[in-house]
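Below is one structure, written out as structure tokens, with a few remarks after it.
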Amino acid sequence: MEIIVNGGNRLEGVVEVNSSKNAILPILAATLLSNGHIEINKVPKIRDVKIISDLINDLGVEVKHEQNKLVYNVSDIKNYPSYELVRQMRASFLVMGPILAKKGKVKISLPGGCAIGTRPIDLHLKGFHALGAKIDLSHGDVTAEASNLIGSHIYLDFPSVGATENIMMAAALAKGSTYIENAALEPEVVDLANFINAMGGKISGAGTNVVKIDGVNELKPVNYTPIPDRIEAGTYMIAAAATGGNVLINNVIPEHMKAITAKLVESGAIVEEESNAIRVARTESIKPIYIKTLPYPGFPTDMQAQFMAYLSCALGSSVITESVFENRFMHLQELLRMGAEIKAEGRTAIIKGVKKLTGANVKATDLRAGAALVVAGLTAEGETIVGNSIHVDRGYENFVEKLNKLGADIIKK
Ligand code: UD1
């Protein structure tokens, strides 16, 4: 599949953001902690949601996608996750904590490496071990077993989003209190805690670096609406700024966008915050800026590629340092094909702004790299063909349609 963009159109109008992919994935995993009828509202039809839904269905849970609502009927977990489904998405690993807590045993394939680095799971396993689980790694599978999980103190060497979430879910049904120190502060972690609390869980401190989880005996089914997707919103903010457009982005929590907003303003864009929307416009040239990706509230690694595309046409040299993942510059080679002037050494890239990018045949290597190449294509002269665009479908619902509505000349084939 490919996305074909004819660059040069300014984006103008209004675009609606969906619920956050990265909030929904752990929330869907956490439904396994309860029993009964759970409804999750405003769920986008994106590939990653389909993969985790299929995986949960494969465990023996009834799953229905009704319009934009996901309905789960959770009873017994009959099976372990299949390798076929786990290997398609690293976040599948998020079901490990809930299955361990509910069944007392879980066996799952190791997620393996991916295009943006090795991405180990040692911190997840360290957490389960601290809660009293026996961990066994063999033949590419990991097994965790504990007749009872017992609350504990866990210090994370790095504030990993996935590890904080997985441990939080396992500890929600453990005996006693668990403290996760140096926990991730991401809004998606807070949303997961809110969801578990809505089910009757007792989690406090989410959004700070110490999360306390008081284990409860059972969690009850609920109806829940996850937070808006700050990365989808950020991508439209960048697309508006990159094309010198003027776009109102609806269903946004401006507080979650601070790092992105600050960098856009520094680069000369106009950003106006409303209570649940953000308007982005740009009339001046793009000023070069310095960006370093960091855990929240720092600049999100998931916006690094889109900013690199944007800064490719700045008036001067920008610097981007990727400090969260060790190999997340795959989009760089593709931007070079479009006439960008970028040099990377280790985790730092220097982007010397050019006057214009030119359309080319490029390939999406991962989800955000794909989005970045579409942004580059929107500003480029002529036609850009983004191959492997299936990556983009992992995280953006109706991406092409939404951009089209904003005035882009873009189709999907
Ligand atoms: C989540 C997001 C992803 C985002 C990332 C960082 C989801 C579904 N995905 O991924 O979009 O890019 O946060 O904001 O929410 N690490 C370890 N050991 C571990 C776990 C992680 O060393 O056990 C390292 C990773 O290799 C990486 C860093 O920690 O270098 C950050 O990873 P982490 O925060 O865990 O990201 P994910 O939860 O995988």
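Remember, it's 1-based here, ligands and their atoms both numbered in the order they're listed.
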SB check Glu397 Lys45 (cutoff 4.0 Å): no

Region of Gln304 engaging ligand 1 - heavy atom pairs below 4.0 Å: neither

Backbone of Ala163 reached by a side-chain donor or acceptor of Ser160 within 3.5 Å: yes

Winner among Ser323, Pro120, Ala163 once heavy atoms are compared against atom 21 (C) of ligand 1: Pro120

Min N/O separation Lys21 to ligand 1 under 3.5 Å: no

Pair Arg394 + Asp48: basic N to acidic O under 4.0 Å: yes

Ligand-side contact atoms (ligand 1) for residue partner Gly162, heavy atom cut-off under 4.0 Å: 35 (O), 38 (O)

Inter- and intrachain pairs under side-chain hydrogen bond (donor to acceptor under 3.5 Å, both in side chains), touching residues 244-257, at least two apart: Asn246-Arg279

Short N or O distance, Phe158 and ligand 1, threshold 3.5 Å exclusive: no

4.0 Å heavy-atom contact, Glu322 with ligand 1: no

Ligand 1 contact on Asp122 by region, counting heavy-atom pairs under 4.0 Å: both

Residues, nucleotides or ligands: over 12 heavy atoms within 6.0 Å of Glu345 CD: no

Asp302-ligand 1 polar pair, N/O distance under 3.5 Å: yes

Pair Thr301, Arg328: side-chain N/O donor-acceptor within cut-off below 3.5 Å: yes

Ligand-side contact atoms (ligand 1) for residue partner Arg328, heavy atom cut-off under 4.0 Å: 12 (O)

Sub-4.0 Å atoms of ligand 1 with respect to non-hydrogen atoms of His124: 23 (O)

Pairs flagged by side-chain hydrogen bond (donor to acceptor under 3.5 Å, both in side chains) wherever residues 263-272 is involved - sequence neighbours left out: Lys263-Glu266, Ser267-Tyr310

Test of proximity, Phe325 against ligand 1: N or O pairs below 3.5 Å: no

Thr301, any N or O under 3.5 Å of ligand 1 N or O: no

Proximal ligand 1 atoms for Arg90, defined as those under 4.0 Å from one of its heavy atoms: 39 (O)

Interatomic distance, Leu367 atom CG to Arg47 atom CZ [nearest 0.5 angstrom]: 10.0 Å

Sub-4.0 Å atoms of ligand 1 with respect to non-hydrogen atoms of Leu123: 18 (N), 19 (C), 23 (O)

Short N-O contact, Lys402 and Glu232, less than 4.0 angstrom: yes

Crowding at OH, Tyr83 (>12 non-hydrogen neighbours, <6.0 Å): no

Interfacing atoms of ligand 1 (cut-off 4.0 Å, heavy-atom, Val324): 27 (C), 28 (C), 30 (O), 31 (C)

